[in-house]
*Asks:* 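Here it is, the structure in full.
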Amino acid sequence: MLKKISKIVLLVMLVTAFSFAGSGSGSLPFLANAANAEAAVLYEEDFSGTTPADWAISSTGSVSGGALHIGDWANYHEQAIYGGETFTGPYSFSADVKASASSGNWNATRMLFNIQDDNNGYELIIGNKNDTAESNVELVKKVNGVDTTIANGVNYPLSKAVTTLQVVVDNGTISVYARQGSTVTTIIDHLSDSTFNAGRIGIGTRSAIVDFDNVRR
């Protein structure tokens, strides 16, 4: 009897773990939770309608087909900023991205977080080139309009498939995770930086064309 109960408990644990990890289509609620973050999704935008409320979107951005399309090969910085709420840590910020392949990592996808204003905040930049031989990840901190790279050197091919990117801000550290299919990759692991502990979130491009969906906080 004890063996039977143990098997049932183990099966329940495996099913729960599999459900959290996710499979097939759709996006994960969280790839990795901040240690003290709420389990529930507090904000979500799936761009299923027209232009959503409280989003400031660059001129090349448009909502159609259940996604936000941002960018142009000729435009350096295009973005969409959610201004409806200021988030404070610890928190998780994620989005599904589909990046058009490019010949170089200068063309990139951007995740912006703890934005204070146009001149202050953090920015994750991931190049869209598929070649893993070339470093394509950069985490930038902007203070009074001056950009400083605080982490880079990771190779992560972005444009092979729809990718869930996630930034976790947790008690003075920043981590970045990515999922393609069922594979979750740690891109940045608990980088210490607490210059900005709260702010707005946003998504964007750098001389690239990217589709965004399922933005979650």
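Start at 1 with the first residue, then count along the sequence. Because only heavy atoms are used, hydrogens play no part in the values below, and waters and symmetry mates are left out as well, while side chains stay in.
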*Asks:* Using the rule that Ile, Leu, Val, Met, Phe, Trp and Tyr join whenever any side-chain heavy atoms are under 4.5 Å apart, tell me whether Y91 and L191 fall into a single cluster.
*Replies:*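 Cluster IDs for Y91 and L191 match.
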*Asks:* Is it the case that T163 and Q180 place a side-chain donor and acceptor less than 3.5 Å from each other?
*Replies:*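 Yes - a donor-acceptor pair under 3.5 Å links their side chains.
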*Asks:* Is there a side-chain contact between N128 and L158 in this structure, where contact means two heavy atoms from C-beta onward sitting under 4.5 Å apart?
*Replies:*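 Answer yes - side chains close enough.
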*Asks:* Between F93 and V169, is there a side-chain heavy-atom distance shorter than 4.5 Å?
*Replies:*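 A side-chain contact under 4.5 Å is absent here.
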*Asks:* When you look at W73 and S100, which way does the side chain to side chain contact (heavy atoms under 4.5 Å, CB included) test go after all the steps?
*Replies:* CA-CA 10 Å; W73 298 115; S100 298; 3.9 Å; yes
*Asks:* Nearest 0.5 Å please: distance from the CD1 atom of I209 over to the NZ atom of K98.
*Replies:*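 Result: 12.5 Å between the selected atoms.
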*Asks:* Are F113 and Y156 connected in the hydrophobic side-chain network, where two residues link if heavy atoms are under 4.5 Å apart?
*Replies:*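 Shared cluster, yes.
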*Asks:* Taking all heavy atoms of G172 and all of S194, pick out the closest pair and write down the distance.
*Replies:*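 In terms of heavy atoms, the two residues are closest at CA-CB, 3.9 Å.
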*Asks:* Apply side chain to side chain contact (heavy atoms under 4.5 Å, CB included) to the pair N144 and N120, showing each step before the final yes or no.
*Replies:* CA-CA 6 Å; N144 296 326; N120 295 276; 3.7 Å; yes
*Asks:* Looking only at non-hydrogen atoms, find the nearest pair between S94 and T164 and report the distance.
*Replies:*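 Minimum heavy-atom separation between S94 and T164: CB-CG2, 4.5 Å.
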*Asks:* Side chain to side chain contact (heavy atoms under 4.5 Å, CB included) for E45 and Y82? Distances and angles first, verdict last.
*Replies:* CA-CA 10 Å; E45 177 56 62; Y82 175 61; over 6 Å; no
*Asks:* What pair of heavy atoms forms the shortest contact from M111 to L165, and how long is it?
*Replies:*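 Where M111 meets L165 most closely, the heavy atoms are CE-O, 3.7 Å.
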*Asks:* Quiz question: by atom type and distance under 3.5 Å, do the side chains of N214 and D96 form a donor-acceptor pair?
*Replies:*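 Yes, because at least one side-chain N or O of N214 sits under 3.5 Å from a partner of the opposite role on D96.
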*Asks:* Can you find a heavy atom in the side chain of W55 that is under 4.5 Å from one in the side chain of V215?
*Replies:*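 Heavy-atom side-chain distance check passes, below 4.5 Å.
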*Asks:* Distance check, rounded to the nearest 0.5 Å: E78 atom CD versus S207 atom OG?
*Replies:*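 E78 atom CD to S207 atom OG measures 9.0 Å (nearest 0.5 Å).
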*Asks:* Measure the spacing between CZ of R110 and CD1 of I70 and express it to the nearest 0.5 Å.
*Replies:*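 Answer for the CZ-CD1 pair, R110 versus I70, is 9.0 Å.
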*Asks:* Please report the shortest heavy-atom distance between I203 and A95, naming the atom on each side.
*Replies:*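 Looking at all heavy atoms of both residues, the shortest contact is CG2-CB, 4.4 Å.
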*Asks:* Any side-chain heavy atom of I125 sitting closer than 4.5 Å to one from V140?
*Replies:*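 They are in side-chain contact.
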*Asks:* Please tell me if the side chains of I187 and I126 come closer than 4.5 Å, counting only heavy atoms from C-beta onward.
*Replies:*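 I187 vs I126: side chains touch.
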*Asks:* Consider only side-chain heavy atoms of I, L, V, M, F, W and Y, link residues closer than 4.5 Å, and tell whether L112 and V176 are in one cluster.
*Replies:*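 They do not share one cluster, since no chain of ILVMFWY contacts under 4.5 Å joins L112 to V176.
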*Asks:* May I ask whether V168 and I115 are part of the same hydrophobic cluster, defined by side-chain heavy atoms of I, L, V, M, F, W, Y residues being less than 4.5 angstrom apart, directly or through others?
*Replies:*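 The answer is no; the residues belong to distinct hydrophobic clusters.
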*Asks:* Give the cluster check for Y122 versus I81: same hydrophobic cluster or not, with ILVMFWY residues linked at side-chain heavy-atom distances below 4.5 Å.
*Replies:*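 No; I81 is not reachable from Y122 via cluster members.
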*Asks:* Nearest 0.5 Å please: distance from the OG atom of S175 over to the CD1 atom of I188.
*Replies:*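 Rounded to the nearest 0.5 Å, the OG-CD1 separation comes to 8.5 Å.
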*Asks:* Kindly compute the distance separating NZ (K129) from CG (N155), expressed to the nearest 0.5 Å.
*Replies:*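 Going from NZ on K129 over to CG on N155, the span is 10.5 Å.
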*Asks:* Could you give the distance from OH (Y76) to CZ (R206), rounded to the nearest 0.5 Å?
*Replies:*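 The distance works out to 5.5 Å.
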*Asks:* Could you report the tightest heavy-atom contact between F196 and G121, atom names first, then the distance?
*Replies:*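 In terms of heavy atoms, the two residues are closest at CE1-N, 3.4 Å.
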*Asks:* Quickly, which of L124, N136, T205, V210 forms a side chain to side chain contact (heavy atoms under 4.5 Å, CB included) with T109? Name it, please.
*Replies:*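 When L124, N136, T205, V210 are each tested with T109, the side chain to side chain contact (heavy atoms under 4.5 Å, CB included) holds only for V210.
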*Asks:* Under the criterion side chain to side chain contact (heavy atoms under 4.5 Å, CB included), I'd like the reasoning laid out for E123 against Q79: C-alpha separation, chi angles, the key distance, then a yes or no.
*Replies:* CA-CA 11 Å; E123 178 179 0; Q79 60 195 29; over 6 Å; no
*Asks:* Which pair of heavy atoms, one from D211 and one from A67, lies closest together, and at what distance?
*Replies:*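 Nearest pair, atom of D211 first, then A67: CB-CB, 4.5 Å.
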*Asks:* Test your reading of the model: is there a side-chain donor-acceptor pair from D147 to the backbone of K142, 3.5 Å cut-off?
*Replies:*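 No, D147 side chain to K142 backbone: no donor-acceptor pair under 3.5 Å.
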*Asks:* Is it true that a side-chain atom of D72 and a backbone atom of T60 form a donor plus acceptor pair closer than 3.5 Å?
*Replies:*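 No; judged by distance alone, with no hydrogens or angles, the pair does not exist.
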*Asks:* Using 30° and 60° as the class boundaries, would you call the ring planes of F87 and Y43 parallel, tilted or perpendicular?
*Replies:*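 F87 vs Y43 ring planes: tilted.
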*Asks:* Are F212 and F47 an aromatic pair, judged by ring center distance below 6.0 Å?
*Replies:*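 Not close enough - the centres of the two rings lie 6.0 Å or further apart.
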